[in-house]
Amino acid sequence: MDVIELLESATLLTPEEKATDNDLTARDVWDHLAHDEWETALTLLEELGNPPPRSQRFWEQLAHAAEQLHLAHSAAWCHWRSAELRNGMIRIDLTLGPRRAPIPGHGVLRPVWNIGNLSPTGDPAVNIAALWLENTPSLEPGDRTTARLVPLTPTHWHHVRPGQSITMHEGRPATATAVVREVHLPDLGKGLATGPAAE
């Protein structure tokens, strides 16, 4: 299947909604495809994926199309969104503490987090979650941004709630602190359990 076929099939997964003149629709994507504006069409499809959450198949098709177009960032983002549907997503306000270098922002880092779990001996336990910075490609020490986490083991994160403080570790002491804004985790095969923070 070539890029144009992938993008066309992805648009079929985006139903035409009741839309105002300012809303993006699948028709907008088709217009760009008709003019061979594939990168723009892919970007529109990424935007049409929010909300409601689309399927993993939707995001994986977009990732495949982005890879064929050599759009590395778009491919990484689409794979990330697919992982969020599979493993859940925790949205946080992240503040990076003392560190020798900035942290990369687009799913490269998979640090450990203290989210309040304990080991069998009663000591603090840490849990792995990949990190995606929403509005910046990297975060400098002392800076703050909104970020997304994809837990490696979602069941270890089911007690996490909006407003909770958690810490990121690469050793001792903590590398970063965060306040949870939203929690979207798989609910025993029944979709995602959603808990946005009160604004």
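Values in this document were obtained by computation on a predicted structure and should not be read as measured data. All heavy atoms count here, side chains included; hydrogens, waters and symmetry mates do not.
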Can you give me the closest heavy-atom contact between [X] and [Y], atom names plus distance?
X      : Y      : value
Ser119 : Ala125 : N-CB, 3.7 Å
Pro186 : Pro154 : CD-CB, 4.0 Å
His156 : Ile115 : O-CD1, 3.4 Å
Ala147 : Leu131 : CB-CD1, 3.7 Å
Val183 : Pro162 : CG2-CD, 3.9 Å
Val180 : Ile92  : CA-CG2, 4.1 Å

Kindly work out whether a path of hydrophobic side-chain contacts (I/L/V/M/F/W/Y, heavy atoms less than 4.5 Å apart) joins Val126 to Leu149. no

Val160 with Leu185, same ILVMFWY side-chain cluster at under 4.5 Å: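 Yes; Leu185 is reachable from Val160 via cluster members.
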
Under the rule for ring pair (Phe, Tyr, Trp, His ring centres under 6.0 Å), what residues qualify as partners of His106, not counting sequence neighbours?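 His106 satisfies ring pair (Phe, Tyr, Trp, His ring centres under 6.0 Å) with His73, Trp132 once adjacent residues are dropped.
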
Provide the full list of salt bridge (Lys or Arg N to Asp or Glu O under 4.0 Å) pairs with a residue in residues 125-135, sequence neighbours left out, each pair given once.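 Residue pairs with at least one partner in residues 125-135: Arg91-Glu134, Glu134-Arg148.
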
Between atom [atom1] of [X] and atom [atom2] of [Y], what is the distance when rounded to the nearest 0.5 Å?
X      : Y      : atom1 : atom2 : value
Ile103 : Leu96  : CD1   : CG    : 5.0 Å
His169 : Asn127 : NE2   : CG    : 10.5 Å
Leu71  : Leu62  : CG    : CG    : 11.5 Å
Trp59  : Gln61  : CH2   : CD    : 12.0 Å
Ile166 : Trp113 : CD1   : CH2   : 5.0 Å

Assess the residue pair Thr153 and Thr155 against the criterion (side-chain hydrogen bond (donor to acceptor under 3.5 Å, both in side chains)); give the C-alpha distance rounded to whole Å, side-chain angles, the decisive distance to 0.1 Å, and a yes or no. CA-CA 6 Å; Thr153 308; Thr155 54; 5.9 Å; no

Partners passing side chain to side chain donor-acceptor pair (under 3.5 Å) against Trp80 (at least two apart in sequence or in another chain):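 Result, side chain to side chain donor-acceptor pair (under 3.5 Å) vs Trp80: Glu84.
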
Residues two or more places apart in sequence or in another chain: which of them pass side chain to side chain donor-acceptor pair (under 3.5 Å) with His79?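 Checked His79 against side chain to side chain donor-acceptor pair (under 3.5 Å); matches are Glu60, Glu67.
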
If we ignore hydrogens and angles and just use 3.5 Å, is the side chain of [X] paired with the main-chain N or O of [Y] as donor and acceptor?
X      : Y      : value
Asn135 : Thr145 : no
Gln164 : Ala178 : no
Asn87  : Pro151 : yes

Going by salt bridge (charged side-chain N to carboxylate O under 4.0 Å, His left out), name the residues that satisfy it together with Arg110, two or more places apart in sequence or in a different chain. none

Residue pair [X] / [Y], side-chain heavy-atom distance below 4.5 Å:
X      : Y      : result
Leu109 : Glu170 : yes
Leu139 : Leu94  : yes
Met168 : Thr177 : no

Over 12 non-hydrogen atoms of neighbours within 6.0 angstrom of CZ in Arg144: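 12 or below, so no.
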
Looking at residues at least two apart in the chain, or sitting in another chain, which of them share a side chain to side chain contact (heavy atoms under 4.5 Å, CB included) with Gln56?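 Ser82, Leu85, Arg86.
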
Let me see the working for Glu140 and Arg99 under salt bridge (charged side-chain N to carboxylate O under 4.0 Å, His left out), right down to the final yes or no. CA-CA 8 Å; Glu140 297 285 339; Arg99 196 175 190 269; over 6 Å; no

Stepwise side chain to side chain contact (heavy atoms under 4.5 Å, CB included) check, Ile90 with Glu182: CA-CA 6 Å; Ile90 313 289; Glu182 299 176 34; over 6 Å; no

